[in-house]
Amino acid sequence: MGTLFKFYKPLFLTRFASVPNSLRVVHPLKLKRRSFVRCFGSLSSSQPLVNEKTTQKPTGDLPPAPSPELWLYNTMTRRKDLFKPRVNGKVGMYVCGVTAYDLSHIGHARVYVTFDVLYRYLKHLGYEVCYVRNFTDVDDKIIARANELGEDPISLSRRYCEEFHQDMVHLCCLPPSVEPRVSDHMPQIIDMIKQILDNGYAYRIDGDVFFSVDKFPEYGRLSGRKLEDNRAGERVAVDSRKKNPADFALWKPAKQGEPFWQSPWGPGRPGWHIECSAMSAAYLGYSFDIHGGGMDLVFPHHENEIAQSCAACNQSNVSYWIHNGFVTIDSEKMSKSLGNFFTIRQVIDLYHPLALRLFLVGTHYRSPINYSVVQLESASERIFYIYQTLHDCELVLSQHGEVHQKDFVPPDTLNGIKKFHDEFLASMSDDLHTPVVLAAFSDPLKTINDLLHTRKGKKQAMRIESLAALEKIIREVLVVLGLMPMSYSEVLQQLREKALKRARLTEDQVLQKIEERTAARKNKDYEKSDAIRKDLAAIGIALMDTPEGTSWRPAIPLALQEQQVTAV
């Protein structure tokens with residue numbers, strides 16, 4: 001696929017009308033400035049959005065105690081830890097957002113789908129979640145790109161922030177509670193740098209302010225790296241003026257043609273790492289529950305965040321550090337710097353966004369996931385099967401009006417529903433094991449198809465009640481996974497359109513082939529009939545013969561099916 005820089009409108013909008021109240025989220029707040037939680041006397045007394053003292057309420061006003069127990073892998077402890085929020089019933093979560101200078105790639109998609117699933121599942125368990133996800137809109141890469149295009153850096157970044165929002169809508173990611181931008185939080189960033197300097201953890205040189213890693217003995221505890229092993233590297237500029245090559249910039253002096261802000265150290269702009277420390281403290285306080293991001297952020301970004309935040313406030317603490325694995329191509333990390341990436345737009349030009357989301361959650365979030373056309377085709381076929389089954393179920397249920405199935409579902413169906421629900425809770429509570437949840441769909445979907453299409457199933461007592469109960473529990477789990485579309489019929493049509501685009505055919509051309517095949521079968525020309533079926537199957541169009549006639553559905557192209565078999 002060639003690089004595309006064409007702008008697209010969303011294919012569809014997720015329908016949240018049927019989503020439980022716990023999963024509804026207001027649009028991002030556009031806040032110009034928030035003050036820090038009080039930690040040292042020089043800081044403001046304003047409180048963050050999640051604070052232990054101000055958010056305590058009588059027990060009766062809190063949501064019910066979440067159940068079951070949730071275990072999350074904590075990068076800091078290097079084990080799965082039982083999740084216990086700092087404030088009963090409430091969760092503060094900060095996830096590092098994109099540096100907005102280009103269209104986002106599917107490595108970004110994996111990060112934000114991962115934490116969207118965590119966000120949804122925490123809400124499903126009954127937690128009130130304050131989810132903060134930032135935009136870096138002041139950065140060297142943004143400035144370099146803006147200079148290339150002859151555009152104002154802030155304007156360019158704002159444009160790509162909006163493009164990112166479109167990508168998140170495509171992928172059915174809920175908007176975070178707050179979405180701060182660096183350019184709107186300079187006062188907070190400057191205040192934090194002042195505090196770090198006052199506490200003796202930083203030094204000034206010619207308008208630069210550097211953090212001194214030697215002053216922070218615990219530097220390296222998140223990544224497991226020893227201080228003597230650290231070198232100046234990515235986003236850590238080589239500078240002979242530094243006391244230690246690993247020291248990193250908190251503030252940079254202004255350069256000709258770059259955006260700048262006034263500070264006690266002269267005009268300039270912040271270093272990359274200080275931005276997240278300041279914004280997380282502004283909205284969640286110095287101590288909060290979850291800090292997340294891609295595995296590539298463990299060092300140096302998150303390591304530096306810990307050092308900065310603790311230097312500004314010795315009570316700073318994040319309970320759980322959570323990181324997702326890389327997306328790879330041929331076992332090599334996908335990234336813009338390596339030039340081996342696909343943008344989200346490129347992928348969803350040919351594959352439905354929900355197929356991409358299914359592909360991403362089909363591997364455990366901490367494991368590397370290898371991007372391939374075979375995997376996307378497989379995800380596309382699987383999600384078509386899920387929605388086709390539910391659509392067929394919906395059509396039958398629509399003919400019977402409202403069904404009150406609570407007390408009228410056969411024991412076998414109830415047992416199947418309980419098994420599915422238990423597997424869902426157990427797998428999600430075991431460090432978000434989404435692949436196991438996806439595998440668990442097989443049994444309830446098979447039961448629905450048996451009730452819909454087999455002779456025995458059509459004769460089963462309380463068949464409609466069973467269908468309604470099964471569709472309901474599957475829908476609820478799809479909502480938590482972020483895979484519930486606006487409507488089954490619309491997404492099925494969109495999946496067909498994508499399959500036609502990949503096959504480079506129109507639907508009229510497929511229907512014409514079906515007519516030719518029907519005529520050949522009538523004339524007992526089975527060789528031609530089989531050839532037409534095989535030719536279509538080769539490009540991902542499967543024909544299905546029924547008493548009512550022949551129809552088609554998307555399928556994995558034959559050559560790719562053979563690759564799957566070989567891989568197994």
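For this chain, numbers begin at 1 and follow the sequence in order.
Side-chain atoms of Ser429 and Tyr121 form a donor-acceptor pair, as typed in the model, at a separation below 3.5 Å. Using modelled atom types and a 3.5 Å distance limit, the side chains of Asp247 and Ser212 yield no donor-acceptor pair. Side-chain contact check for Tyr160 and Asp137: no donor-acceptor pair (N or O, by modelled atom type) lies under 3.5 Å. A side-chain donor-acceptor contact under 3.5 Å links Glu305 and His301.
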inquiry  = If you apply the rule side chain to side chain contact (heavy atoms under 4.5 Å, CB included), what do you find for Asn134 with Arg181, and how did you get there?
reply    = CA-CA 6 Å; Asn134 75 292; Arg181 303 185 186 200; over 6 Å; no
Inset, instruction - Report the C-alpha separation of Phe288 and Val132 in whole Å, then their side-chain angles, then the decisive distance to 0.1 Å, and conclude whether the side chain to side chain contact (heavy atoms under 4.5 Å, CB included) test is met. - result: CA-CA 11 Å; Phe288 55 94; Val132 183; over 6 Å; no
Using the rule given for side chain to side chain donor-acceptor pair (under 3.5 Å), can you reason through Asp214 versus Tyr219, listing the C-alpha separation, both sets of side-chain angles and the distance that settles it, and then say yes or no? CA-CA 8 Å; Asp214 292 321; Tyr219 190 79; over 6 Å; no
- Message: Using the rule given for side chain to side chain donor-acceptor pair (under 3.5 Å), can you reason through Gln388 versus Tyr488, listing the C-alpha separation, both sets of side-chain angles and the distance that settles it, and then say yes or no?
- Response: CA-CA 7 Å; Gln388 185 65 64; Tyr488 301 134; over 6 Å; no
May I have the step-by-step check of side chain to side chain contact (heavy atoms under 4.5 Å, CB included) for Arg382 and Tyr385, ending in yes or no?
CA-CA 5 Å; Arg382 181 63 179 172; Tyr385 166 73; 3.5 Å; yes
Give the intermediate values and the outcome of side chain to side chain contact (heavy atoms under 4.5 Å, CB included) for residues Ile369 and Arg110. CA-CA 9 Å; Ile369 182 171; Arg110 190 179 196 197; 3.5 Å; yes
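Cys172 approaches Gly482 most closely through the heavy-atom pair CB-O, 3.5 Å. Contact record, Ile556 with Ser378: CD1-CA, 3.7 Å, taken as the closest heavy-atom pair. Closest heavy-atom contact between Leu250 and Gln308: CD2-OE1, 3.4 Å. When all heavy atoms of Cys393 and Leu467 are compared, the closest pair comes out as SG-O, 3.7 Å. Residues Met192 and Ala278 approach most closely at SD-N, 3.7 Å, considering heavy atoms. The shortest non-hydrogen separation linking Cys96 to Leu297 is CB-CD1, 3.7 Å.
The closest donor-acceptor contact from the side chain of Ser442 to the backbone of Ala439 lies under 3.5 Å. Within the 3.5 Å criterion, the main-chain N or O of Tyr201 finds no donor-acceptor partner in the side chain of Asn199. Under the 3.5 Å distance criterion, the side-chain polar atoms of Tyr320 are matched with a main-chain donor or acceptor of Leu82. Side chain of Gln375 to main chain of Ser372: no donor-acceptor pair is present (N/O by atom type, distance under 3.5 Å, no hydrogens or angles). Between the side chain of Asp289 and the backbone N or O of Met93, no donor-acceptor pair lies under 3.5 Å. A donor-acceptor contact shorter than 3.5 Å is absent between the side chain of Asn324 and the backbone of Tyr365. Distance alone, capped at 3.5 Å, is enough to place a donor-acceptor pair between the Ser287 side chain and the Asn317 backbone. The main-chain N or O of Pro353 is never found under 3.5 Å from a side-chain atom of Lys498 such that the two would form a donor-acceptor pair. Checked by atom type and distance alone, the side chain of Ser316 pairs as donor or acceptor with a backbone atom of Tyr286 at under 3.5 Å. Side-chain N or O atoms of Arg120 include one that pairs as donor or acceptor with a backbone N or O of Val479 at under 3.5 Å.
With sequence neighbours excluded, the residues satisfying ring-ring contact (aromatic ring centres under 6.0 Å, His included) with Phe164 are Tyr112, Phe135. Residues passing the side chain to side chain donor-acceptor pair (under 3.5 Å) test with Arg366, sequence neighbours excluded: Asp431. For Arg79, the salt bridge (charged side-chain N to carboxylate O under 4.0 Å, His left out) test picks out Asp81, with sequence neighbours left out.
Here the side chains of Val437 and His433 are not in contact, with every heavy-atom distance at 4.5 Å or above. Inter-residue side-chain proximity for His421 and Glu476 is flagged as unmet; no heavy-atom pair is nearer than 4.5 Å. Taking 4.5 Å as the limit, every side-chain heavy atom of Thr389 sits out of range of all side-chain heavy atoms of Ile474. Counting only heavy atoms from C-beta outward, the side chains of Phe424 and Val480 approach each other to under 4.5 Å. With contacts defined as side-chain heavy-atom distances shorter than 4.5 Å, the pair Ile383/Val491 does not qualify. The shortest distance between side-chain heavy atoms of Leu495 and Ser380 falls below 4.5 Å. Leu470 is listed as a side-chain neighbour of Leu451, based on a closest heavy-atom distance under 4.5 Å. Thr413 is listed as a side-chain neighbour of Ile417, based on a closest heavy-atom distance under 4.5 Å.
For the atom pair NZ (Lys446) and CD1 (Ile448), the distance works out to 12.0 Å, reported to the nearest 0.5 Å. Distance check: Leu492 CG to Leu390 CG gives 9.0 Å after rounding to the nearest 0.5 Å. Atoms CG and CG, on Leu483 and Leu354 in that order, are 6.0 Å from each other to the nearest 0.5 Å. Separating the CD atom in Glu471 from the OG atom in Ser466 is a distance of 13.0 Å, to the nearest 0.5 Å. Note that CG of Leu432 and OH of Tyr73 are 14.5 Å apart. Values are rounded to the nearest 0.5 Å. Between the CD1 atom in Ile189 and the CD atom in Glu275 there is a gap of 5.5 Å [rounded to 0.5 Å].
Taking the six-membered ring wherever Trp is involved, the centroid distance between the rings of Phe83 and Tyr127 falls below 6.0 Å. Two rings, from His185 and Tyr283, have their centers less than 6.0 Å apart.
A salt bridge does not link Glu303 to Arg225: none of the charged nitrogens lies less than 4.0 Å from a carboxylate oxygen. A salt bridge links Asp430 and Lys80; the closest N-O separation between the charged side-chain nitrogens and carboxylate oxygens is under 4.0 Å.
The aromatic rings of Phe341 and His105 sit tilted relative to each other, their planes meeting at an angle between 30° and 60°.
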